[in-house]
2 protein chains.
Amino acid sequence: MKTIEWKKGKVRMVDQTKLPAKLEFIYVKSLAQMVSAIKIMQIRGAPALGSAAAFGMVLGVSNLDVAAKKLLDSRPTAVNIKWAVERMLKIARAGKGMATPELKKLLLKEALKIAEEDVEINKSIGRNGAKVVKKGMSILTVCNAGALATVDYGTALGVIRAAHGQGKRIHVFAAETRPRLQGAKLTAWELKQEKIPFTLITDNMIGHLMQKGEIDLVVTGADRIARNGDSANKIGTYAAAVLAKEHGIPFYIAAPISTIDFNIQTGRQIVIEERPEAEVTSIGKERICPKGIKVRNPAFDVTPAKYIAGIITEMGVFRPDRIKILKA
Amino acid sequence: MKTIEWKKGKVRMVDQTKLPAKLEFIYVKSLAQMVSAIKIMQIRGAPALGSAAAFGMVLGVSNLDVAAKKLLDSRPTAVNIKWAVERMLKIARAGKGMATPELKKLLLKEALKIAEEDVEINKSIGRNGAKVVKKGMSILTVCNAGALATVDYGTALGVIRAAHGQGKRIHVFAAETRPRLQGAKLTAWELKQEKIPFTLITDNMIGHLMQKGEIDLVVTGADRIARNGDSANKIGTYAAAVLAKEHGIPFYIAAPISTIDFNIQTGRQIVIEERPEAEVTSIGKERICPKGIKVRNPAFDVTPAKYIAGIITEMGVFRPDRIKILKA
């Protein structure tokens with residue numbers, strides 16, 4: 001099962017707002033529908049967003065400049081949208097002068113290639129990352145960097161899948177990841193499906209479990225990595241990295257090279273998306289705080305390179321200060 | 001309005017499981033009812049639990065040994081229950097041989113004294129703590145160490161109340177404090193009532209906000225403090241303290257001397273309560289994760305003394321390694 005795939009002229013995607021209660025699909029037929037699905041997070045996760053943007057360009061073939069702008073504006077932090085849009089625009093330039101149906105075919109071919117490559121890249125990330133996982137390790141991950149955050153297999157969860165598949169008898173701690181609870185809803189769902197042993201915890205238990213010696217390794221995904229290795233990922237990742245450093249626990253980022261933004265020097269240049277207050281003030285139908293109060297909701301934070309033991313890519317595991325060589 | 005008070009033969013307490021939606025009171029008439037109210041957290045917060053235990057001893061006058069045991073077993077981490085039970089047993093020994101009605105009167109007098117003292121102690125903590133608060137500071141607090149965690153006024157929120165009352169134009173960040181959300185439900189409710197400017201955040205935003213320079217000071221309560229200054233408090237406090245250290249932000253504990261357990265040398269001896277899994281897996285009626293999965297729910301963690309700039313007590317602000325002198 002793929003998180004996102006092209007089916008008979010439509011983009012079939014898992015509706016991630018329905019999990020874990022129901023596995024439902026949405027069928028996206030227009031650019032507007034794709035932009036909305038991205039904004040309300042029916043699809044999320046940096047590599048999956050890259051694929052969604054590529055298919056979005058196919059659907060928006062009638063006006064690719066508008067399609068590009070709408071997709072780029074849909075969510076600001078994950079660089080994979082930009083990466084995919086630019087790749088699609090390059091193809092469009094190569095197909096300049098073509099009639100729309102032919103151009104659409106050309107674009108679809110590229111979007112399908114992006115989706116196909118993503119799975120292969122994740123499997124390579126998994127294989128490379130599994131080398132840093134020792135037998136019997138307890139691995140913390142935050143948010144969801146699994147099959148659901150990609151076309152299939154996952155980045156951080158790809159590493160976990162690979163290590164588990166190699167019989168390393170690992171145990172996973174999944175941080176629930178407020179406010180959207182992707183850890184509780186998506187990572188827990190994936191790990192349960194795969195029968196990988198895991199424990200769900202709230203985000204504020206990470207420090208305590210590290211202090212008690214119950215966590216040996218941290219692996220998370222990333223939404224944008226600067227040239228110097230500073231990495232933006234789901235809110236709470238930075239705190240986990242600081243706590244890991246304090247306890248001498250290695251902290252790794254697992255991400256495809258398409259997540260590296262070679263145009264920015266440091267993480268300070270990464271725009272952090274602020275999402276709606278309702279994500280913090282309510283959980284499902286449950287209002288959890290008084291009305292009329294001030295709330296913050298930054299969706300990401302930036303972990304400076306100095307906290308990162310390595311960035312696990314499809315080309316191998318690199319020290320953060322070495323990733324710039326991957327530009328070529 | 002008091003969180004807990006004696007009214008016509010019953011203990012009237014704010015039902016804290018109903019806030020912030022409704023301000024409701026429960027009237028506790030028996031020891032069994034008090035023990036249940038403590039367990040399900042209709043009343044919570046170390047100093048409030050001390051007062052609840054004292055009134056519980058009054059209600060359990062017919063068999064004080066049984067009452068003491070049941071109260072001590074109700075929640076294991078907050079030392080104030082033990083402190084209050086022991087203080088009540090001492091009074092009972094002084095009244096040995098008395099008929100039950102007389103003994104009950106004697107015990108009630110002591111329980112009322114404990115409740116009254118608590119408010120005065122908190123006001124002293126507030127005054128002492130306000131000295132470490134500079135004008136315009138943004139102060140992070142976790143969980144609820146406010147009027148609702150005490151008989152009235154609060155410990156950490158007592159410091160915040162006092163600083164606000166002195167016109168220091170402070171701003172508070174209230175961490176929501178999963179799994180029970182005392183920050184979102186109780187601290188937000190209190191701060192709103194008092195018109196103290198504040199922002200509600202999820203627990204995993206603390207690191208990011210510190211990194212952005214938006215937090216100047218951390219003040220939390222405590223449930224048990226060892227002789228060496230190691231302090232147990234609500235889960236997540238330790239992570240906040242580590243993050244504060246990493247960013248050079250002073251981290252203070254505000255607690256009455258009754259929270260210091262002079263019988264234990266270090267925090268390693270503090271028993272950490274594990275609470276029901278349902279607190280993590282559901283929020284209100286909302287199930288947030290798949291069924292049949294493994295969950296952890298430690299209710300507290302221990303912040304080692306080295307992370308603590310000072311412990312704010314009714315006798316002044318002490319370096320953690322100095323609190324042992326308070327025994328006398």
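Chain letters run A, B, ... following the sequence lines, proteins first, then strands; residues in each count from 1. Only this structure's heavy atoms are used, side chains among them; waters, hydrogens and symmetry mates stay out.
For A:Gln182, no part lies under 4.5 angstrom from a heavy atom of chain B. For chain B, the nearby parts of A:Pro290 are the backbone and the side chain; heavy atoms of each come within less than 4.5 Å. Neither the backbone nor the side chain of A:Glu277 comes within contact range of chain B; no heavy atoms are under 4.5 Å apart. Looking at A:Asp301, the atoms closer than 4.5 Å to chain B (heavy atoms on both sides) sit in the backbone and in the side chain alike. Residue A:Ile206: no heavy atom, backbone or side chain, is found under 4.5 Å from chain B. There is no contact between B:Leu19 and chain A, counting heavy-atom distances below 4.5 Å. Neither the backbone nor the side chain of A:Lys212 comes within contact range of chain B; no heavy atoms are under 4.5 Å apart. Interface residue B:Glu214: only side-chain heavy atoms are found under 4.5 Å from chain A. At a 4.5 Å heavy-atom cutoff, A:Leu186 makes no contact with chain B through either its backbone or its side chain.
Expressed to the nearest 0.5 Å, how far CG of A:Leu243 lies from CG of B:Leu243 amounts to 5.0 Å. A:Thr199 contributes atom OG1, which lies 8.5 Å from atom CD1 of B:Ile293 (distance to the nearest 0.5 angstrom).
Between chain A and the options B:Lys185, B:Glu246, B:Lys285, the largest number of non-hydrogen pairs under 4.5 Å is found for B:Glu246. When B:Pro304, B:Pro298, B:Ala239, B:Pro179 are compared by the number of non-hydrogen pairs under 4.5 Å with chain A, B:Pro298 comes out ahead. Interface remark: of the candidates B:Phe173, B:Phe198, B:Trp189, B:Phe198 forms the most heavy-atom pairs closer than 4.5 Å to chain A. Looking only at heavy-atom pairs under 4.5 Å with chain B, the residue among A:Thr281, A:Ile201, A:Val142, A:Ile288 that has the most is A:Ile288. When the candidates A:Lys192, A:Lys291, A:Lys234, A:Gln211 are compared by the number of heavy-atom contacts under 4.5 Å with chain B, A:Gln211 comes out ahead. Of the listed residues (B:Gly292, B:Ala241, B:Gly284), the greatest number of heavy-atom pairs within a distance under 4.5 Å of chain A belongs to B:Gly284. With chain A as the partner, the residue from B:Gly236, B:Ala184, B:Ala21 showing the most heavy-atom pairs under 4.5 Å is B:Ala184. Across A:Leu181, A:Val242, A:Leu209, the residue that shares the most heavy-atom pairs under 4.5 angstrom with chain B is A:Val242.
Of all the heavy atoms in A:Met205 and B:Ile235, the pair that sits closest is CG-CG1, 3.7 Å. Here the closest non-hydrogen pair linking A:Val280 and B:Glu176 is O-OE1, 4.4 Å.
With a 4.5 Å cut-off on side-chain heavy atoms, A:Asp203 and B:Arg178 do not count as touching.
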